[in-house]
Q: 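Provided herewith is a single structure, encoded as structure tokens, for subsequent inquiry.
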Amino acid sequence: MRIFSLIPTSTLLLVLLMVTACRHDDVIFIPEHVDVARPSLTSVRGFFVLNEGNMGTNKATLDYYNYTSGRYSRNIFGAANPGVAKEMGDVGNDIAIYGERLYAVINCSNKVDVLDRMTVKKIGQVDIPNCRNIKFHGRYAYVTSYAGPVQIDRDYKQLGYVARVDTATLEVVDRCVVGFQPDGLEIAGGYIYVANSGGYMVPNYENTVSVIDIATFKEVERVTIAINLQHVIADDRGVLWVSSRGNYLDEDSRLYAYDTRKRRVVTSLDIPVSSMTLCGDSLYVVSTGWSNVDMSSSDARYIIVNTATMEIVNENFITDRSESDIERPYGIAVNPVTRDIIITDARNYVTPGTLFYYDKDGQLQWQVRTGDIPAHITFLGQ
């Protein structure tokens, strides 16, 4: 039996606090541009990469790849916003495009930056404490919030919530209280599904998904899935794919399929999930985990799950053996048009990472240096 899962929050907090003590505050991010590939004609213009940066260091940065020119640009936020103090801030946790705007969730800076998607100029921000992930429906953005401070405490008292943000005014117009430390969220069939982690409450993890009626914005149910939940993605058949990080000891990290119509877990797969993304019926999973028994990571696997059959159909979608060059796989994205695959590598978590760009057949096309801890990607369409 495997006992691996993702690196626990408590371990990461300790490492990142040690890193913080070694860093000066006067870091200036200089834009850089490098030509990495031939121009590509596609309806997707490019993609943004949000680099998390280490907690406490104000090193979240934004990169952009342009398909038309084949150019990768690093640290583009500062040049577009020279008057913004401390630039993007502390820990970039999620990024998404909605309408004409780009939304960047900056976790420990307690804000969502709202930018023009073409110029990256800052339009405004939404103040949300310990914010985590973002989704959209109609005129509103929905953002998960831990609500309380960054603090490991088995007796943590502060429940989290989902903030409803008016995208026209950038005001928080309502809040719905959910479980402890809510992370990923998904919107499907008129409901918001929220993965409650309880990640600060070691070993008293949460084990539920909150179900919010989007019309009334009220929690109508909490569904028990597994402990320490993180990601949640809905497929076209009304099935939620929910990842559990386990307890890093004797309870495995797994991937669960919860059927929202049958209202029960219909299957689970014995794979730890560090990141995942859905394209069509293919759920692409970067599978690596962490064990507190021997303080080590499991070997990374690059898996495709067919959401129609609920089976693993590919044990390694990288076909040219270049996976040995990826030190610590962290994020994943798939171009919705070409199905090209992007894997980000956090390396040692304290210096610039690397982005690996594969074609749909798993052949490496190019790679490029990024900011620190490249993690979250969103594609710019027409």
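This is a predicted model, so every value here is computed, not measured.
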Q: Report yes or no: do T354 and Q367 form a side-chain donor-acceptor pair below 3.5 Å?
A: no
Q: Check each of Y98, F136, Y142 against Y103 using the ring pair (Phe, Tyr, Trp, His ring centres under 6.0 Å) test, and report the only one that passes.
A: F136
Q: Are V223 and I227 linked, directly or through other ILVMFWY residues, by side chains that come within less than 4.5 angstrom of each other?
A: no
Q: Run the numbers on K111 and D127 for salt bridge (Lys or Arg N to Asp or Glu O under 4.0 Å), then give the verdict.
A: CA-CA 4 Å; K111 65 172 183 174; D127 297 322; over 6 Å; no
Q: Under the salt bridge (Lys or Arg N to Asp or Glu O under 4.0 Å) criterion, do R264 and D259 qualify, and how do the steps go?
A: CA-CA 6 Å; R264 63 180 177 87; D259 192 314; over 6 Å; no
Q: Would you call the rings of Y357 and Y65 parallel, tilted or perpendicular, where under 30° means parallel and over 60° means perpendicular?
A: tilted
Q: Under the criterion side-chain contact (heavy atoms from CB on, under 4.5 Å), I'd like the reasoning laid out for D372 against R347: C-alpha separation, chi angles, the key distance, then a yes or no.
A: CA-CA 9 Å; D372 294 4; R347 298 293 184 183; over 6 Å; no
Q: Donor-acceptor check, side chain of D345 to backbone of G353, threshold 3.5 angstrom: yes or no?
A: no
Q: Can you tell me how far the CG atom of L269 sits from the OG1 atom of T267, to the nearest 0.5 Å?
A: 5.5 Å
Q: Keeping the roles fixed (side chain from S274, backbone from Y330), state whether a donor-acceptor pair exists under 3.5 Å.
A: no
Q: Is R71 reaching over with its side chain to a backbone N or O of H33, donor-acceptor style, under 3.5 angstrom?
A: no
Q: Salt bridge (Lys or Arg N to Asp or Glu O under 4.0 Å), that's the test. Do K121 and D116 meet it? Break it down for me.
A: CA-CA 5 Å; K121 290 183 178 179; D116 183 285; over 6 Å; no
Q: Just do the side-chain contact (heavy atoms from CB on, under 4.5 Å) check on R101 and L170 with the steps written out, would you?
A: CA-CA 12 Å; R101 295 177 175 181; L170 300 185; 3.7 Å; yes
Q: Using ring pair (Phe, Tyr, Trp, His ring centres under 6.0 Å) as the criterion, point out the one residue from F356, Y284, Y358, F317 that pairs with Y302.
A: F317
Q: Please round to the nearest 0.5 Å and tell me the distance separating atom CG of D155 and atom CG of N204.
A: 7.0 Å
Q: Verify the cluster assignment for Y258 and V239: are they in a single hydrophobic cluster under the rule of side-chain heavy atoms below 4.5 Å apart?
A: no
Q: Just checking, any donor-acceptor pair under 3.5 angstrom between side chains of Y248 and N228?
A: yes
Q: Check N51, N133, V105, L50 against H376 for a side-chain contact (heavy atoms from CB on, under 4.5 Å) and give me the one that passes.
A: L50
Q: Same cluster or not: V177 versus V173, using hydrophobic residues (I, L, V, M, F, W, Y) connected whenever any side-chain heavy atoms lie under 4.5 Å apart?
A: no
Q: Looking at CG of N130 and CG of N107, how far apart are the two atoms once the value is rounded to the nearest 0.5 Å?
A: 5.0 Å
Q: Let me check something: do V44 and V36 share a hydrophobic cluster, defined by ILVMFWY side-chain heavy atoms less than 4.5 Å apart, either directly or through other members?
A: yes
Q: If you measure from CG on N66 to OG on S73, what distance do you get to the nearest 0.5 Å?
A: 7.5 Å
Q: Evaluate the ring planes of Y156 and F180, with Trp represented by its six-membered ring, and classify them as parallel (under 30°), tilted (30 to 60°) or perpendicular (over 60°).
A: perpendicular
Q: Is there a donor-acceptor contact under 3.5 Å linking the side chains of D340 and Q365?
A: no
Q: Kindly determine whether I214 and F217 satisfy side-chain contact (heavy atoms from CB on, under 4.5 Å), including the steps that lead there.
A: CA-CA 5 Å; I214 204 165; F217 201 51; 5.6 Å; no
Q: Run the side-chain hydrogen bond (donor to acceptor under 3.5 Å, both in side chains) test against E206 and tell me which residues pass, sequence neighbours left out.
A: T208
Q: Please walk me through it: do D325 and S322 pass side-chain hydrogen bond (donor to acceptor under 3.5 Å, both in side chains)?
A: CA-CA 6 Å; D325 296 328; S322 61; 5.5 Å; no
Q: Backbone N or O of H231 within a donor-acceptor pair of the S243 side chain at under 3.5 Å?
A: yes
Q: Judged by atom type as modelled, is there a donor-acceptor pair below 3.5 Å linking the side chain of N81 to the main-chain atoms of K122?
A: yes
Q: Applying side-chain contact (heavy atoms from CB on, under 4.5 Å) to I318 and I326, what does each step give before you reach the verdict?
A: CA-CA 11 Å; I318 296 176; I326 305 175; 4.0 Å; yes
Q: I'd like to know if the side chain of T319 reaches the main chain of D361, judged simply by a donor and an acceptor atom lying under 3.5 Å from each other, with no hydrogens or angles considered.
A: yes
Q: Would you say I192 and Y161 are hydrophobically clustered, going by side-chain heavy atoms of ILVMFWY under 4.5 Å?
A: no
Q: Under the 3.5 angstrom rule, does the side chain of R132 hit a backbone N or O of D94 as a donor-acceptor pair?
A: no
Q: Can you tell me how far apart CG (N306) and CG (D281) are? Round to the nearest 0.5 Å.
A: 5.5 Å
